[in-house]
Amino acid sequence: MSELSSRRVLTDASRLIIEAAVRAGANVFVGYPITPANWLYHYATQRFPTTLPATDEITTLQWMAGFATAGKFPVTATSFPGFALMVESVNMAYMMELPMLIVLVQRLGPSTGSATTGAQGDLLLLRGVISGGYPLPVFSPSNFEDCWELTGRAVAASLQMRTPVVLLTSKEMVMTSRSFDLSRLPDIQQAAWPEYRSANGYLPYRAKPAEPPPFLPVGNRQHQVRINASTHDASGLIRKATPEALANTRRLQEKIEAGMQKHMLFDYHAAPGSDTLLVTYGVTAEAARDAIRRLREHGRAISLLVVKTLLPFPPEALAILRRYARVLIAEENLSGLLRELIYGQMTPASVLGVNKIGKLISPEDIVAGYEKLSSMPSNPNSEAQGGKRS
Amino acid sequence: MKNFVIPETDYMVPGHLACPGCGASLGMRFALKALGEKTMVVVPACCWSIIAGPFPYSAVKVPLFHTAFETAASVASGLRAALDMQGQDDVTVMAWAGDGGTFDIGLQALSGAAERNEDFIYVCYDNEAYMNTGIQRSSATPEGAWTTTTPEGHVKDRPKKNIVDILAAHRIPYVATASVAYPHDFIRKLQKAQSMHGTRFIHLLSPCPPGWKIPSDDSIEIARLAVQTKLFPLYEIEDGEKVTINLEPDGLPVRHYFEKQGRFRYLTDADYERIQRDVDHRWEILKRKAEWAKE
C-alpha cells in the first residue's frame, strides 16, 4: 500500500460506530449518560444532525419511537442498567415495527456491577427480551472494521425489516484507542426506508407475508397512520386474539427470520486436518485470533469461527459446529451464554468453555483451554468422526 | 447565627475518591456533622457512589446503601418504613443524590415520595451536570454552560430547572437551598430538617472543578459568588408557602461568577446582560414571596 492510499489515524471504535451510523442514514441520536457508552453520546453531539439529551433511558427509547414514527432513524448507546429500563419500550418498538439502533456496550454485572470493566454478559438477555421469545436482531462486531461495517448493516437491516436492532459490543471494544488505517474501510451506502408508494388507501400494518408493512411517516398528507403496541390488525386497531391480529403478530417473527437470511454473518477459518473448532464473538475474537496464530506456530491446527450475527443465530454456523469433534467456546462471562444459546442445557462432553469475568480473556487462557480440551474425549457423533467432513 | 457551633465530630473520614476541591465531598462532611451518628445514607449512581470508597477506602462511618440511579427516594422510603416497624425512630434517613439522579432520572421517585410525605431528608448535591460519567448536560445545567454534550456552538440554551419550586409545590414541610460556602447555614438547615417529620429537601450547590473548569482551590469562592450574585439565593420554604430568605446578598454582577469558570467561556456581553435581567427578576419574585409570608 502506498503512502497516499493509507489514512492512518489514532481513533476508537465509538467514533467509527457514530460515523458509520450517520453515513448509513441515521439522523437522530438520543443520549443518556452511562459508562462505558459515553464516548458514543459525546461524538454524536459532534456528528449527528440532531442529538438530544434524554432525562432517563425510558425517555430515550420513547423519544426514539416518536422520531421513527415520523420517518427519522434514531440511534442510542447504553449499557445494561440503562438497557434494563428500555426493555418495555424495546418491546413496544418491536410491536409497532419502528426501526432504530441500540448500541449496547456491555460492562461487568450484575446490576451496576463495575462500570469501567468490560464483559459479555447480555447475550441471553437479548435472546429473551421480546416477550414471547420473538427474535430481536443482534450484530456483534469483533474488531474495528466490524464496528464500521456492522453498524452500517445494522441500520440497513433495521430499516429493511422495520425493527429495532442491537449492536452488541463491550467496554474495551469502544473505549480503546489505536492506530488504524481508515482506507481499509469500505464505503457505506445510505439505507432506504421501505416506503409506501401506492395511491390507494393505506393500512399501516398491511404487509405481504414475512415482510414488514410499507412505511408512511405520521404527518404525511395523504393517509392516516395508526401505530399500536397492542395486538392489532392491519389497520392498527386493537384486536384480541382474532385470526387476523394473530397472523400480524406471527408475521413479526416471520419477517425477521426471512429478512435476516441475508445478514447471517460470521468469519470461518478452517484449519486443514483440524478436528477442533474455537468459537467466539465480540471483544474476545481478537484474543482468539492471536491464540490461533500461537497454536499454529506450534504445529497445532485449530479452526476458528467468529460469529457476528448472534441473533438469530446463523444456521450455517451451526452446520460448521457439527463438523467438529471438539468445540472450544470463549466468552467473557461465567456461565457460557453463547454455549447455552447453541447447546441449551445439554452441552456435550466434547464442548468446553473458556470463561472469565473481570478481565479480558487472553490468548493464553484460550491456549490453556485448548490443551485441556485436547485431553478430553471427542464427540463420537460429529461429522469429523464419521468422516463426512468436507 | 450567633454562637452557632459546627459540631466537631466527623463521620466522613480521610480516604475518599473525590477530586480535589470537590464541593460534594465537603457537603457530605458537613451533613454528617449536622445529623450525627444515627444516620443512614442512600446514594444512587452519582459521583458519591465512587467517592464513598472503593476498597480499601471507606469515606463514611455510617451505614450507606448504594442503589440504582432512579431510586434514591424509593429506597429511602423503604428504609424509613422498616425502621418505623422496628421502632427505630431516632434514626435519620438521608438520601444523597446528584442533580442527574434528582432533577432527571430520579424525579419520579422523588415526586412520589414527596407526595406521600415520606419521612426522610433528601439532599441533592447539585454540580450542574453528569460529572461522574464525563460532564454531560442535565436539566440542572445552567443556561450558557459548556458540557461534553453541549459543546462549543451548542452550549445549553435553556434555563436550569427550578427544583426547589417543584418540591415546594408538593407542600412538604421543608425545602431549602444551601451552599458549601456557607457551612453554618447548611448545618443549621440540616438540623432544623432533622427536628421535623415528613419529606425534607435541601438543594446544595456543589462546585465541581473538572466540570466547571475552575482551579480546585476556587471552589468555595465560586460557591460564595453564586450566592452573592443572587444566582443561587439562600432561602427556605416551609409547608410549600412560607418563604424565608436567609442571607441578603451583596448583589454583585453575575459576570463575576461566570468569568471565573471555563464552562461559561462562550457567554457574550449580551448574554451577561440578559441573564442579569433574569436573575434580578427572579430575585424580586423571591423577595415578594418572602414579604408575603411575613404578612
Side-chain angles (χ1 to χ4, degrees), chain A residues 12 14-15 18 28-63 75-88 105 107-117 171 174-175 358, chain B residues 17 43-50 52 54-55 65-72 75 97-111 127-141 145-158 160-161 163 166 211:
Chain A
D12 57 75
S14 290
R15 236 181 237 289
I18 290 301
V28 177
F29 189 97
V30 184
Y32 188 74
I34 189 165
T35 305
N38 294 312
W39 289 9
L40 291 139
Y41 184 12
H42 174 49
Y43 297 149
T45 64
Q46 299 168 338
R47 190 61 186 88
F48 265 71
T50 305
T51 303
L52 295 160
T55 48
D56 56 70
E57 286 92 350
I58 297 174
T59 303
T60 302
L61 220 81
Q62 294 292 339
W63 210 345
V75 179
T76 192
T78 191
S79 191
F80 168 76
F83 186 74
L85 294 189
M86 293 176 180
V87 166
E88 185 195 15
V105 186
R107 70 189 216 189
L108 182 64
S111 184
T112 326
S114 187
T116 51
T117 303
K171 181 243 168 181
V174 302
M175 290 192 72
Chain B
L17 229 66
V43 174
C46 59
C47 290
W48 248 96
S49 62
I50 304 300
F55 181 84
F65 187 124
H66 173 200
T67 183
F69 213 167
E70 64 278 17
T71 65
V75 169
D99 48 293
T102 303
F103 286 63
D104 288 350
I105 196 168
L107 187 62
Q108 181 171 321
L110 177 56
S111 175
N127 51 30
E128 303 196 315
Y130 291 83
M131 296 312 186
N132 192 37
T133 47
I135 323 174
Q136 294 86 7
R137 69 88 95 173
S138 76
S139 55
T141 302
W146 165 95
T147 66
T148 57
T149 56
T150 51
E152 183 179 0
H154 303 276
V155 295
K156 196 178 167 195
D157 61 356
R158 290 284 301 152
K160 181 184 178 80
K161 187 188 278 183
I163 197 73
I166 291 170

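A, B, ... follow the sequence lines: proteins, then strands. Residue 1 opens every chain.
- With rounding to the nearest 0.5 angstrom, the NE2 atom of B/H154 is 8.0 Å from the OG1 atom of A/T45.
- Among the candidates B/T149, B/T67, B/T150, the residue making the largest number of heavy-atom pairs closer than 4.5 Å to chain A is B/T149.
- Here B/E70 contributes atom CD and A/I58 contributes atom CD1; the two are 7.5 Å apart, rounded to the nearest 0.5 Å.
- With a 4.5 Å cut-off on non-hydrogen atoms, B/F69 touches chain A through its side chain but not through its backbone.
- Of the listed residues B/T147, B/I105, B/N132, B/I135, the one with more heavy-atom pairs under 4.5 angstrom with chain A than any other is B/I105.
- Distance check, rounded to the nearest 0.5 Å: OG1 of B/T133 to OH of A/Y32 gives 8.0 Å.
- A/T35 touches chain B through backbone and side chain together, each having a heavy atom under 4.5 Å away.
- Other residues, nucleotides and ligands contribute at most 12 non-hydrogen atoms within 6.0 Å of the CD atom of B/Q108.
- Residue A/I34 touches chain B through its backbone alone, counting heavy-atom pairs closer than 4.5 Å.
- Heavy-atom pairs under 4.5 Å with chain B were tallied for A/A44, A/P81, A/P53; the largest tally goes to A/P53.
- How far CG of A/N38 is from OG1 of B/T148: 7.5 Å, rounded to the nearest 0.5 Å.
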